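What follows is a short report on a single structure.
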Amino acid sequence: MRILQLHCDSIEYTPTKKEIKIAEDIENTELQRLEEVVVAFVAIEDGDDSSVAQDAISQIKNSMEKIGCKKLLLYPYAHLSSNLAKPSTAMTLLSEMETNASELEVSHSPFGWTKSYKIQVKGHPLAESSKVVTKDSTDSKDEEITSEALKGESKIRSYWKIMSPDGTMTNIADFDFSNHKNLEILAKYESAKQRSVDEPPPHVALMKKMAIADYEPASDSGNMRFYPNGRLIKSLIERYVTDRVKDYGGYEVETPIMYDSEHPSMVSYFNRFPARQYNIDSEGKKLFLRFAACFGQFLMANQYQMSYKNLPYKLYELTRYSFRREQSGELVGLRRLRAFTMPDCHAFCKDMDQAVDEIMLRFELSQSVLHELGIDESDYDMAIRFTEDFYNENKSAIKELVKKQGRPVLVEMWKEKFFYFVLKWEFNFIDNLGKASALSTDQIDVENADRYGIEFVDENNNKQHPIILHNSPSGAIERIIYALLEKAAKDSKEGKKPQFPLWLAPTQVRVIPLKEEFNDFCESLTDKISVNNVRVDIDDRNESIGKRIREAEKEWIRYILVIGEKEVNSENLNIRDRKTGDVKELSFGDFLNEINKQTKGKPFTGLNLPKHLSKRPQLMV
RNA sequence: GCUUCGGUAGCUCAGUCUGGUAGAGCGUUACAUUGGUAAUGUAAAGGUCACGGGUUCAGAUCCCGUUCGAAGCUCCA
């Protein structure tokens, strides 16, 4: 028996005429319409019997339970097989299947009739499946009709281990996680897929409360709006990551955000991955929005005349945005988006030795970038994945990476290469709910240079395809903000004051005049401070001093300067430091030094809000 | 995408079970207050109870659908 099973929004069919003599007698030849239904196109084959029918219907019931649908239409469909059973047998078995599915709302379309039909199939991964049930098939073959990638992904055979910094590998079950709680979460998360949470992630409330980002209902899900505070933070992180990649040797480029899916180099790449992109039809072209910077940079590199002497050569782009049409149920706050900002740096290397050398540099770059962004080593754990072949040929390189991490890492070893890369590592941030999400990552790609026709000329004047590394030193910028907010929430939960690194704080210094008569003094003081690249504002509202301090605290502002009689007549400043909660007296110069020490080496941009709080609309409370 | 839960004033939320005049705090506005390091006082304005349909004499409340969000499943190039 062959079955094509489709989970449908709707199906309409109209019996038009009897095809065979013994066709079922029916009274109603009008159009039938069913909604929210699983349609099983069934071909009964020679040799099928009652046991096959039972097996088949139980498989159907099984998968319907999984997708949560209770309505079934059995649709006799001869065209699935060239070895059909006799119509009489077929009718008997079909009605047996229908009887055995009585707990469902089951019906069938008439047997032996020519029917016209119109069908609307749902888009989810389990919506379509085909089944072959035979007398001797002991186990069910439940094959999903979807992209090659999804098929392959479920077939990937892999082994999960923990590798210690000394290079020894241990089975996950045998590893002592007592000092590595987050790694345990990551290991369980990845390999066993165990999760149990029942509350929204804290960064979602914080991103709104701090007026950073919010959902935009008028857009698609997962496309966020960033308020002035959020844009300032995001733009500073973007600039910092870009500066660091340029220091490392990446050359910044800009490439289109949409591509023609029928361009020859896209076709084969596309077929390797599930179709989760945004599609746009324009003047007969089928365009899709990029989900990474790869295409643009590869198509560009294709034009380069490269010699081995030029390698390694690195291209970099900060994609604003990359688009992935993730399943709606997977989107969460700033953690998982459909439009996100991704720094993406590709290094073209002449051979595996050079690629391995390069990956070490980028590993250190990624570690350092995260650290400087305010994400500590203890906040993330590393996973490394590679093919068995790559492991056997490059053991020492893998061990060196793990050693650089200095702590045990999660290892996934693939029996064979399925993706385009032979090695991939990533740093996974573990949030307050025990969710892991990848930040930095790098890959060794051995396929795409060929696919995109990227070549260099080697020492012997032969053309070769370079090995390509794909590194994002920070991961998505939105995800960095998510990590910083989750860290702040954790501090808050532990009774510590939440805060941003000073260089990212929307306001670094707040000046509060005690009375209106000190306003002029405050103006000139803030001018003096802001010319030194410090974001300073004035709370000139007619509110009590206590309230204005409280609100500055709630905005996580690090330094508060209350200006009264005493300050106006003093050389020094009285500074309330949120970190300690104390008020200290410093000279103007010492104060600036204290700030500069903390923001050294980081980009700066001016206040992104009105300087006077009296002029500032309130976004959130 | 599936299952479950949720959407009430700008924000946080009560009211929904048991249908009958829509509530509080914060914020906003006005007036008074000129303050010394986490909430000054008084008053006022502010709601299509997410949207659409149904049941009912009557719907924020009950039913159906849609939409947005969250959790779980699945997934993450």
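The chains referred to below are lettered A, B, ... by the order of the sequence lines, with proteins before strands, and numbering in each begins at 1. Just so you know, these numbers come straight off a predicted model, no measurement behind them.
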Regarding [X], tell me which of base, sugar-phosphate or nothing describes its non-hydrogen contacts under 4.0 Å with the strands shown.
X	result
Val204(A)	nothing
Lys424(A)	sugar-phosphate
Leu331(A)	sugar-phosphate
Glu516(A)	base

Go nucleotide by nucleotide along RNA chain B from the 5' end; which of Glu565(A) and Tyr215(A) gets its closest nucleotide reached first? Glu565(A)

Taking the nucleotide of RNA chain B with the nearest heavy atom to each, does Ile545(A) or Glu36(A) sit closer to the 5' end? Glu36(A)

Flag the pair Phe363(A) / Phe427(A) as yes when their ring centroid distance falls below 6.0 Å, and as no otherwise. yes

Which whole number of Å gives the distance between the [atom1] atom of [N] and that of [M]?
N	M	atom1	value
G53(B)	G20(B)	P	22 Å
C68(B)	G52(B)	C1'	15 Å
G6(B)	C49(B)	C1'	14 Å
U18(B)	A58(B)	C1'	16 Å
G59(B)	C17(B)	C1'	15 Å
C26(B)	C2(B)	C1'	39 Å
A45(B)	A30(B)	P	15 Å

Taking atom types as they are modelled, would you say the side chain of Glu551(A) forms a donor-acceptor pair with the base of G27(B) within the 3.5 Å cutoff? no

Hey, does the side-chain of Arg336(A) have a donor or acceptor N/O within less than 3.5 Å of a partner on the base of C75(B)? yes

Using atom CG of Asn542(A) as one end and atom P of U33(B) as the other, report the distance to the nearest whole Å. 10 Å

Basic-acidic side-chain contact under 4.0 Å: Arg558(A), Asp577(A): yes

Flag the pair Glu553(A) and Lys497(A) as a salt bridge only when some basic side-chain nitrogen lies within less than 4.0 angstrom of an acidic carboxylate oxygen. yes

For the side-chain hydrogen bond (donor to acceptor under 3.5 Å, both in side chains) test, which of Arg510(A), Lys615(A), His612(A) pairs with Asp537(A)? Arg510(A)

Taking C-beta and beyond as the side chain, do Ile477(A) and Phe340(A) meet within less than 4.5 Å on heavy atoms? no

Does [N] have OP1 or OP2 under 4.0 Å away from a side-chain N or O of [X]?
X	N	value
Lys547(A)	G27(B)	yes
Gln618(A)	U28(B)	yes
Lys435(A)	G72(B)	yes

